[in-house]
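Structure first, commentary second.
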Amino acid sequence: MLQQLFKFKGGVKPATNKAPSVQAPIGIAPVPPLLVVPLHQSIGGQPQPLVAAGEHVLKGQRIGAADKWVSAAVHAPTSGTVIAVEERITAHPSGLPTLSVVIEADGKDEWIERQPLDYASLEPEQVREILRDSGVVGLGGAVFPSHVKTEAAKAVPMEELVINGAECEPFMTCDDLLMRERPEGIVRGIAIFRDLLKPKRVLIGIEDNKPEAIDAMRQAVEAVGEDFEVVGVPTRYPAGGAKQLIRVLTGKEIPAAKRSPEMGVQCFNVATAYTAWRAIAFGEPVISRIVTLTGNVEQARNWEVRLGTPIQDVIKLAEPKADTNRFLMGGPMMGFDIPDLAAPVVKATNCLIAGSPKLFPPPAPEMPCIRCGACAQACPHELQPFELYWFSRARNFGKTQEYNLFDCIECGCCSYVCPSHIPLVQYFRFAKSEIWTRERDKSQADAAKARFEFRNEREEREKAEKAERLARAAAAKAAEKKAAPAETTASAEPATAAPVDAEAAKKAAIAAAMERARQQREAVQPKNTDGLTVAQRKEIAEIEARRAPLQAEQPTAPAQAPDAGGQQ
Amino acid sequence: MLTAILIMALGAVILGAALGYASIKFKVEGNPLVEKIDAILPQTQCGQCGYPGCKPYAEAIAEGEADINRCPPGGMEGVRKLADLLGREVKPLDAEEKPKQVAIIDEQLCIGCTLCIQACPVDAIVGAAKQMHTIVESLCTGCELCVKPCPVECIRMEPIPEKIDNWKWKYPVFEIKPVRRAA
């Protein structure tokens with residue numbers, strides 16, 4: 001059956017530069033003496049370390065556990081000793097450190113006990129958990145945890161499963177070589193995703209500039225006995241973007257507000273499918289990946305590199321030429337300059353390109369936008385980059401969102417075609433991260449406000465409760481007083497009125513406290529009256545009898561004085 | 001003539017009743033402008049504006065009592081937004097703009113007096129009497145209100161460091177190089 005292909009708008013055709021790195025087969029990179037494994041290597045949660053400094057780990061041992069559903073585990077790439085769990089520089093455009101496990105290899109490369117499983121006998125939920133705990137993430141570069149993507153939408157039947165082998169970025173050939181050399185593993189991995197998602201069709205999209213990969217995949221599909229369709233798609237950047245490939249193969253356009261399963265389609269990278277198969281059928285978690293070493297080097301080639309290998313160790317394999325002045329991670333269109341070569345290879349490291357002034361000339365000076373509209377014609381998402389540029393530049397972030405900034409996949413087509421050499425994507429990245437910061441600040445402010453309001457409410461309530469408690473106590477006291485033949489009618493009166501308002505309650509409480517204190521004072525007996533003789537007691541009794549009438553007189557005297565004063 | 005008057009009167013009564021009903025049914029509680037201003041303020045509840053919290057300051061701005069440039073945590077950006085909302089002139093901030101901060105308790109020095117807990121407007125400090133206190137960093141708004149009450153000066157403010165999670169792409173700036181003319 002001839003597959004009908006659709007088109008996406010825009011796109012560019014940069015020089016592919018893929019030939020140098022496909023000459024040699026995938027090499028196995030040596031295990032370096034020291035590995036730095038960042039714990040956060042996927043989109044989503046921050047995996048928590050499971051090991052501490054000094055512990056011995058085996059190859060494939062889980063060292064970081066997924067902390068929530070959208071998160072993936074991290075494993076020791078070789079056996080050795082954990083020498084530190086600390087902040088280390090990672091492969092990120094910021095050049096900032098992140099929590100990493102530093103492992104000193106012992107050279108034995110000793111596997112943990114692997115458990116091959118037959119996934120057909122497992123519940124889908126178990127398979128997803130294995131994928132998560134094996135650290136299977138999208139190896140195309142987005143590193144989104146794959147197990148999350150293996151759930152079909154409830155309301156929409158899954159129609160197509162799209163497997164992305166397009167690899168449209170110039171220079172990059174890691175997926176190409178993987179498809180040529182290990183197609184069977186990929187096909188079996190696709191079968192796992194197929195059985196989890198149960199789509200009607202499985203389409204493997206490969207750019208038609210990789211005929212060897214297409215042949216190898218067709219043969220493997222036949223050999224395994226699957227009914228997957230291997231489709232050659234026209235070579236045009238960015239055909240390997242998930243949304244573009246879905247559009248080309250199925251004609252479906254995924255709107256910004258929807259996820260692809262809601263449109264009955266899902267997309268995985270070929271390397272992801274391969275690692276999923278290794279994880280399930282061999283019990284091997286993701287501890288290495290294929291990295292293309294190319295650009296201004298003597299030996300361009302693909303290497304299977306252990307995750308955590310410092311980039312400076314990896315690039316030595318390719319023998320960079322003398323005039324190399326920079327290294328890019330990712331392709332020339334979407335990649336970034338590696339800020340520090342001590343950073344390790346991570347799951348997102350698909351390609352390392354050595355750059356020289358000759359290979360990547362310094363950008364021409366930015367000129368004013370002439371509104372030629374070339375960027376809008378090149379944009380595969382049919383956005384208006386020139387408008388987005390104006391608003392990003394003016395920091396008018398509300399407007400950028402109105403012009404669908406978040407649909408931008410940062411493919412770089414607009415910057416590529418811009419005759420004024422405006423680094424449009426940099427403006428869009430800037431605008432996006434500003435908007436994210438603002439949203440984060442806003443949600444923090446909302447949370448702070450809620451807490452502040454709750455605290456105020458609580459304080460009010462506590463105050464009211466306290467006043468009520470005091471008033472109740474005072475009222476009880478007053479009632480007691482009333483019950484007894486009271487000489488203190490004056491103090492009882494405010495006590496009965498107390499529940500009405502807090503002020504009176506406070507006064508009553510004070511009065512009650514003073515009353516209590518007075519009673520206590522009266523109740524106190526002089527201490528030297530213990531163990532007296534009968535004669536002494538009799539004497540005291542006589543004295544007390546004489547004192548009593550005097551005491552009865554005493555309170556009346558001061559009471560009369562203010563009265564007299566008041567009348568005057 | 002009479003019919004005309006009656007019709008008009010009837011119309012007046014019906015419309016009046018409708019308006020009266022609407023004014024009860026759709027009554028706006030409080031000043032809606034205050035809510036809008038409050039939404040712009042950073043909710044640190046720090047009182048640096050001279051009002052006991054963001055809401056009172058928002059009320060004062062709405063009343064026209066307070067200027068819009070008295071919120072240092074909001075920064076110039078906040079002033080600009082308020083100016084936009086209220087149609088007022090943008091003014092330079094009344095204090096210096098500081099980076100976002102977080103309070104840190106030196107747990108060796110803390111005597112457990114609970115004074116900072118009482119001062120914290122957002123309940124971001126955990127502790128009990130005569131027990132060590134600590135600050136829940138994710139909840140701290142950096143308002144500095146806990147610094148002063150501490151009798152042993154064990155609370156300090158630290159700017160929030162840049163990490164991968166809060167790192168931002170920078171505004172693209174390109175060096176301007178002087179054009180070299182051939183002599």
Side-chain angles (χ1 to χ4, degrees), chain A residues 38 40 46 87 89-100 336 362-367 389 392-398 410 415 421-438 440-456 458-459, chain B residues 35 37-47 52-58 71 73-78 80-81 84 99-100 102 117-125 136-143 145 160-179:
Chain A
H40 198 192
Q46 162 92 47
E87 302 257 303
I89 287 188
T90 185
H92 188 266
S94 66
L96 289 169
T98 180
L99 193 64
S100 310
F336 58 88
E366 181 182 339
M367 306 282 279
Y389 159 67
S392 304
R393 205 183 137 117
R395 296 167 202 260
N396 190 345
F397 300 123
E410 301 174 21
S415 311
H421 312 293
I422 300 169
L424 291 150
V425 176
Q426 289 191 35
Y427 282 101
F428 304 157
R429 283 176 173 162
F430 157 74
K432 280 183 186 176
S433 61
E434 280 295 321
I435 292 167
W436 283 324
T437 310
R438 256 149 245 235
R440 206 165 46 222
D441 286 353
K442 183 80 193 124
S443 64
Q444 269 171 2
D446 287 346
K449 190 177 168 191
R451 291 182 74 81
F452 178 64
E453 276 165 5
F454 178 76
R455 181 192 161 88
N456 282 351
R458 193 190 63 213
E459 276 181 349
Chain B
E35 288 301 318
I37 297 170
D38 202 30
I40 292 173
L41 297 175
Q43 304 300 330
T44 48
Q45 320 295 352
C46 60
C54 295
K55 192 82 182 266
Y57 180 45
C71 177
M76 264 325 279
E77 170 128 13
R80 241 174 264 129
K81 275 191 192 159
D84 249 15
K100 266 186 107 181
V102 64
I117 296 182
Q118 291 161 36
C120 180
V122 291
D123 289 334
I125 306 179
V136 183
E137 263 181 62
S138 58
L139 301 178
C140 176
T141 62
C143 67
L145 287 180
I160 296 174
E162 195 175 45
K163 285 198 181 138
I164 287 194
D165 304 327
N166 62 7
W167 176 80
K168 293 192 283 189
W169 284 94
K170 302 291 174 287
Y171 190 77
V173 178
F174 297 91
E175 268 177 82
I176 298 171
K177 289 175 195 147
V179 179

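Throughout, a chain's letter reflects where its sequence line sits, starting with A, and its residues are numbered from 1. All values below come from the heavy atoms of this structure, side chains included, with hydrogens, waters and symmetry mates left out.
Side chains of A:L96 and B:E162 form a contact here, defined as non-hydrogen atoms less than 4.5 Å apart. Looking at heavy atoms from C-beta onward, B:N166 lies out of side-chain contact with A:T437 at the 4.5 angstrom threshold.
Looking at A:A447, neither its backbone nor its side chain comes within 4.5 Å of chain B, counting heavy atoms on both sides. Within the 4.5 angstrom heavy-atom criterion, only side-chain atoms of B:E77, from C-beta onward, approach chain A. With a 4.5 angstrom heavy-atom cutoff, B:K170 touches chain A only via backbone atoms. Proximity to chain A is limited to the backbone of B:P52, based on heavy atoms less than 4.5 angstrom apart. Only the side chain of B:L139 comes within contact range of chain A, with at least one heavy atom under 4.5 Å from a heavy atom of that chain.
A donor-acceptor pair under 3.5 Å links the side-chain atoms of A:S433 to the main chain of B:W169, judged by distance alone. In this structure, the side chain of A:R455 engages the main chain of B:C120 through a donor-acceptor pair within 3.5 Å.
Here B:D123 does not pair with A:R451 in a salt bridge; the nearest charged N to carboxylate O distance is not below 4.0 Å.
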Run the side chain to side chain contact (heavy atoms under 4.5 Å, CB included) test on B:Q118 and A:E459 for me, step by step, so that the C-alpha distance in whole Å, both residues' side-chain angles and the decisive distance to 0.1 Å come before the verdict. CA-CA 10 Å; B:Q118 291 161 36; A:E459 276 181 349; over 6 Å; no
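For A:Q444 and B:K100, the side-chain atoms include at least one donor-acceptor pair closer than 3.5 Å.
Under a cutoff of 6.0 Å and an axis angle of 45°, A:R395 and B:Y171 form a cation-pi pair.
Chosen from B:T141, B:V122, B:D165, the residue pairing most often with chain A at heavy-atom distances under 4.5 Å is B:V122.
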